[in-house]
Amino acid sequence: MTACTTADPAVTTSAATESSPVAATSGASAATTDGIPASALLQPADVGGAQAEPLERGDFAHVRPLRPCGADRYPSDGSRTDAVAVRYAVPGAEEAGTPSVVVEFVGRHESGGAAEQFREIDAALKRCPGGLGEGQHKWEIVESDSDSMLIRIGQRFAYADEEPATVNHYAALSRVNDAVVVVADLGWENIDGSEQLVRDLIKKAEQRAASLT
């Protein structure tokens, strides 16, 4: 990892007092005493040169963080002090290949809050597995341990005049100290996300987020 400097910019975030369960970003700003620094997020070198783009409030809300039971707030949302969500258009493995839409969410909590949020998300995934009906997501836990999990998110998708087909996206959730980190590959239109890409990026995201104190 590249060492941080005192001039490292912070990403503008919404605090836990927001009425919405998800926080939006409004881009980078000058360094402040709060906020999540840009160095705590995936860097262009991590994502094939892609630049982080801010997300509007509500965009990809189901992975900011994982919310299989809908938009209801988790009790631990109240312990979140800062949050940021960005997207990357990660280039395909082959030249001129189809990119992937990758979303990263980082939420910093008061002491103990991140562990509680992880437990609440785990319980929600088991309580609300969803399905493949219209407008639904199907949530499946691929792997999990005490502070990380990999999730397959399926949905029925119709592109142009094609018949609806099941498209699978992947999301990884990790607790890093007092932060909750999500990396999700949401594919591209009717193309699946990549499980391997998510596995690779969550390791890098964990390393970046470890700089948060």
Side-chain angles (χ1 to χ4, degrees), residues 1-2 4 8-13 22-28 36-68 83-107 121 137-143 148-157 159-160 165-176 179-212:
M1 292 176 60
T2 302
C4 302
D8 189 36
V11 181
T12 303
T13 64
V22 294
T25 70
S26 57
I36 293 176
S39 60
L41 303 177
L42 290 168
Q43 301 298 297
D46 301 327
V47 286
Q51 298 290 329
E53 301 174 10
L55 287 174
E56 296 297 327
R57 185 183 304 278
D59 285 354
F60 307 116
H62 65 298
V63 293
R64 298 172 54 181
L66 305 184
R67 294 185 182 274
V84 63
V86 295
R87 60 174 284 174
Y88 310 87
V90 179
E94 299 179 2
E95 186 175 354
T98 303
S100 288
V101 174
V102 170
V103 171
E104 181 182 18
F105 170 89
V106 178
I121 293 173
H137 293 98
K138 182 179 180 180
W139 302 79
E140 299 176 274
I141 299 176
V142 178
E143 291 180 7
S148 66
M149 62 177 68
L150 178 68
I151 308 299
R152 181 186 299 112
I153 307 171
Q155 67 179 113
R156 297 286 286 175
F157 185 88
Y159 180 71
T166 300
V167 177
N168 288 312
H169 300 155
Y170 291 89
L173 170 73
S174 289
R175 181 181 66 84
V176 181
V180 168
V181 180
V182 175
V183 172
D185 182 356
L186 304 180
W188 187 269
E189 296 179 344
N190 63 335
I191 298 175
D192 290 344
S194 168
E195 177 181 341
Q196 188 58 53
L197 179 61
V198 167
R199 287 181 181 275
D200 292 343
L201 290 182
I202 192 61
K203 294 176 183 177
K204 297 173 182 177
E206 289 168 347
Q207 293 171 350
R208 301 294 185 184
S211 65
L212 293 172

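Note that the coordinates shown come from a computational prediction; the quantities given were computed from them, not determined experimentally.
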Tell me, do [X] and [Y] make a side-chain contact under 4.5 Å, heavy atoms counted?
X: Leu173; Y: Ile151; answer: no
X: Leu201; Y: Val47; answer: yes
X: Ile202; Y: Tyr170; answer: no
X: Val90; Y: Asp185; answer: no
X: Trp139; Y: Ile153; answer: yes
X: Leu42; Y: Lys204; answer: yes
X: Val84; Y: Pro54; answer: no

Gln155: partners by side chain to side chain donor-acceptor pair (under 3.5 Å), with sequence neighbours left out: none
- line: Sequence neighbours excluded, the answer for side chain to side chain donor-acceptor pair (under 3.5 Å) partners of Asp46 is Arg208
Measure the [atom1]-[atom2] distance between [X] and [Y] for me, rounded to the nearest 0.5 Å.
X: Ser39; Y: Leu212; atom1: OG; atom2: CG; value: 7.5 Å
X: Arg87; Y: Asp59; atom1: CZ; atom2: CG; value: 8.0 Å
X: His169; Y: Phe157; atom1: NE2; atom2: CZ; value: 8.0 Å

Nearest heavy atoms of [X] and [Y], plus distance in Å:
X: Arg64; Y: Gly58; value: NH1-N, 3.9 Å
X: Arg67; Y: Ala61; value: CD-O, 4.0 Å
X: Val180; Y: Pro65; value: CG1-CB, 4.5 Å
X: Ala89; Y: Ala50; value: O-CB, 3.5 Å

- request: Apply the test side-chain contact (heavy atoms from CB on, under 4.5 Å) to residues Glu195 and Leu150: give CA-CA distance (whole Å), side-chain angles for both, the deciding distance (0.1 Å), then the verdict.
  value: CA-CA 9 Å; Glu195 177 181 341; Leu150 178 68; 3.6 Å; yes
Does [X] have any side-chain contact (heavy atoms from CB on, under 4.5 Å) partners at least two apart in sequence or in another chain, and if so, which?
X: Trp188; result: Thr98, Pro99, Val101
X: Gln196; result: Ser194, Arg199, Asp200
X: Arg156; result: Leu132, Pro164, Thr166

statement: For Arg152, the salt bridge (Lys or Arg N to Asp or Glu O under 4.0 Å) test, sequence neighbours excluded, returns Glu140
query: In terms of heavy-atom contacts, does NZ of Lys138 have more than 12 from other residues, nucleotides or ligands at under 6.0 Å?
result: no
message: With a 3.5 Å distance limit and no angle check, can you tell me whether Gln43 reaches the backbone of Leu41 through a side-chain donor-acceptor pair?
response: yes
